[in-house]
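Since the model is a prediction, treat every value here as computed from it, not as a measurement.
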Amino acid sequence: MATRDEVECWLTDMDGVLVHENQALPGAPELIQQWLDEGTEFLVLTNNSIFTPRDLSARLRGSGLHVPEERIWTSALATADFCRSQMPGGSAFVIGEAGMTTALHEAGFIMTETAPDYVVVGETRNYSFEAITKAVRLIRDGARFIVTNPDATGPSAEGVLPATGAIAAMIEKATGKQPYVVGKPNPMMFRSAMNRIGAHSENTGMIGDRMDTDVQAGIEAGLHTVLVMTGISDQAEIERYPFRPSEVISGVHELVRTEPFEVEL
């Protein structure tokens, strides 16, 4: 496992690390620009499977963060990557939004309601009982059950919303089949991201704000883990777990280089 000085590639969570409520956190724009200027390989990760990388890049731009779409890795992309590796040219029935269906289409998958290879459940704002019923029947008939991420709830202006994990639990209860969850804390998400940028665990760092997803998956993937305190973690939260991040910092502003970067000729 690398020390921070040995880290050559970075994976970073989005919400609570780079942005909070659509506002860039201190140091985030400077850190992204530093990585781009220095040619550092990096990906911004999110368990959100609703949006395509192009959508997310535009949303981040509105927050004051200029992240190219090819530098964004979502649980939808990781899920499509996993399905393609398991069954190239397969078929899927999807409960989800454009982020998920686009990723599967681009991975060479066909969307179908007739004997699909996979039922894929991702984030959506419009869970329909009809679609959930269809998913239950298809899984009971033999389709493999895949979930983009385990988050049971998500945020909204009015309060928490039931999210992917809650809908997956309903389908699991009705089918007796456990889903395979691709997103964090499954280290599969990090491994697929590292494959995307040609990184290796020995020289890659992961920045996150959650012990139970970012840090746990980072440790399991063999990465240098950096926990920032700008999200949901506090000292009491850290103490609850039997593992520790490689380092704890107040925010990503601590990772911004203060001295000019010199290119060796």
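Contact annotation: the side chain of Ile50 approaches that of Arg125 to within less than 4.5 Å [non-hydrogen atoms, C-beta and beyond]. Two residues are said to be in side-chain contact when any heavy atoms from C-beta on lie closer than 4.5 Å; Ile132 and Ile95 meet this criterion. Inter-residue side-chain proximity for Leu223 and Phe190 is flagged as met; some heavy-atom pair is nearer than 4.5 Å. Between Val121 and Ile146 the shortest side-chain heavy-atom distance does not fall below 4.5 Å. Residues Thr204 and Val7 fail the side-chain proximity criterion, which asks for heavy atoms closer than 4.5 Å. Counting heavy atoms from C-beta outward, Leu43 and Leu45 have side chains that approach closer than 4.5 Å. Using a 4.5 Å heavy-atom threshold, the side chains of Asn47 and Thr148 count as separate. Side-chain contact between Met100 and Val120 is present, with heavy atoms from C-beta onward closer than 4.5 Å.
Tracing side-chain contacts under 4.5 Å through hydrophobic residues (I, L, V, M, F, W, Y), one never reaches Val119 starting from Met111; they form parts of separate clusters. With hydrophobic clusters built from ILVMFWY side chains whose heavy atoms lie under 4.5 angstrom apart, Leu227 does not share a cluster with Ile249. When the side chains of ILVMFWY residues are joined at heavy-atom separations under 4.5 Å, either directly or via intervening members, Ile167 and Val94 end up in two distinct hydrophobic clusters. Following chains of ILVMFWY side-chain contacts shorter than 4.5 Å, one cannot reach Met87 starting from Ile139, and the two form parts of different hydrophobic clusters. Hydrophobic clustering places Leu60 together with Leu255 (ILVMFWY residues linked when any side-chain heavy atoms are closer than 4.5 Å, directly or through intermediates).
Between the side chain of Arg61 and the backbone N or O of Pro68 there is no donor-acceptor pair closer than 3.5 Å. Side-chain atoms of Thr225 come within 3.5 Å of backbone N or O of Ser246 as a donor-acceptor pair. Without hydrogens or angle criteria, Ser91 side chain to Pro116 main chain gives no donor-acceptor distance under 3.5 Å. At least one donor-acceptor pair under 3.5 Å links the side chain of Glu254 to the backbone N or O of Ser250. A donor-acceptor pair under 3.5 Å links the side-chain atoms of Thr230 to the main chain of Gly16, judged by distance alone. Put simply, the side chain of Asn186 never gets that close to the backbone of Gly183: no donor and acceptor are under 3.5 Å apart. Side chain of Thr46 to main chain of Asn48: a donor-acceptor pair is present (N/O by atom type, distance under 3.5 Å, no hydrogens or angles). The main-chain N or O of Arg140 is never found under 3.5 Å from a side-chain atom of Thr175 such that the two would form a donor-acceptor pair.
If you check the side chains of Gln34 and Glu30, you find no donor sitting under 3.5 Å from an acceptor. Counting only N and O atoms by type, the side chains of Ser192 and Trp73 include a donor and acceptor under 3.5 Å apart. Using modelled atom types, one finds a donor on one side chain and an acceptor on the other under 3.5 Å when comparing Glu97 with Thr124. For the 3.5 Å distance criterion, the side chains of Glu123 and Thr164 qualify, holding a donor opposite an acceptor. With 3.5 Å as the limit, one finds a donor-acceptor pair spanning the side chains of His224 and Glu247.
Within a 6.0 Å sphere centred on CD of Glu239, heavy atoms belonging to other residues, nucleotides or ligands number more than 12.
Contact check on Glu41 versus Arg196 returns no salt bridge, with no Lys/Arg side-chain nitrogen under 4.0 Å from an Asp/Glu carboxylate oxygen.
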Margin query: One pair to check against side-chain contact (heavy atoms from CB on, under 4.5 Å): Ile238 and Met229. What are the steps and the verdict?
Written below: CA-CA 10 Å; Ile238 297 170; Met229 306 302 276; 4.0 Å; yes

Next item on the list: Let me see the working for Glu38 and Arg257 under salt bridge (charged side-chain N to carboxylate O under 4.0 Å, His left out), right down to the final yes or no.
Entry: CA-CA 11 Å; Glu38 296 179 1; Arg257 192 190 303 277; 2.9 Å; yes

Check: Taking it one step at a time, do Met194 and Leu11 satisfy side-chain contact (heavy atoms from CB on, under 4.5 Å)?
Finding: CA-CA 8 Å; Met194 287 190 288; Leu11 306 178; 4.1 Å; yes

Margin query: Show, in sequence, the C-alpha distance, side-chain angles and deciding distance for Lys177 and Glu172, and conclude whether the salt bridge (charged side-chain N to carboxylate O under 4.0 Å, His left out) test is met.
Written below: CA-CA 5 Å; Lys177 300 277 182 67; Glu172 180 180 345; over 6 Å; no

Next item on the list: Given ring-ring contact (aromatic ring centres under 6.0 Å, His included), test Tyr118 with Phe145 step by step and report yes or no.
Entry: CA-CA 6 Å; Tyr118 294 105; Phe145 185 15; over 10 Å; no

Next item on the list: Quick one: do Met211 and Phe243 satisfy side-chain contact (heavy atoms from CB on, under 4.5 Å)? Show the steps, please.
Entry: CA-CA 9 Å; Met211 288 288 288; Phe243 49 83; 3.9 Å; yes

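The only member of Asp151, Asp214, Asp209 that meets salt bridge (charged side-chain N to carboxylate O under 4.0 Å, His left out) when paired with Lys184 is Asp214. When each of Asp13, Ile219, Val226 is checked for a side chain to side chain contact (heavy atoms under 4.5 Å, CB included) with Met206, only Asp13 meets the rule.
For the pair Arg71 and Phe42, the cation-pi criterion (under 6.0 Å, within 45° of the ring axis) is fulfilled. Remark: Arg144 is not positioned above the aromatic ring of Tyr180, lacking an NZ or CZ atom under 6.0 angstrom from the ring centre and at most 45 degrees off the axis.
Closest of all the heavy-atom pairs between Leu77 and Pro53 is CD1-CG, 3.6 Å. Residue Ala131 comes nearest to Phe93 through the heavy atom pair O-CE2, 3.7 Å, listed as atom of the first residue, atom of the second, then distance. In terms of heavy atoms, Thr79 sits closest to Ser75 at OG1-O, 2.7 Å. Listed here is the closest heavy atom pair of Ala76 and Ala103: O-CB, 3.7 Å. Among all heavy-atom pairs drawn from Ala221 and Arg191, the shortest one is CA-NH2, 4.5 Å. Closest of all the heavy-atom pairs between Leu25 and Val17 is CD1-O, 3.4 Å.
Expressed to the nearest 0.5 Å, how far CD of Glu106 lies from CZ of Arg84 amounts to 9.5 Å. Between the CG atom in Leu138 and the CG atom in Asp117 there is a gap of 11.5 Å [rounded to 0.5 Å]. Here the CD1 atom belonging to Ile171 is positioned 13.0 Å from the CZ atom belonging to Arg137, to the nearest 0.5 angstrom. Rounding to the nearest 0.5 Å places SG of Cys9 at 5.0 Å from CD1 of Ile197. Atoms NE2 and CG, from His253 and Leu31 in turn, are 11.5 Å apart once rounded to the nearest 0.5 Å. A distance of 11.5 Å separates CZ in Phe51 from CD1 in Ile72, rounded to the nearest 0.5 Å.
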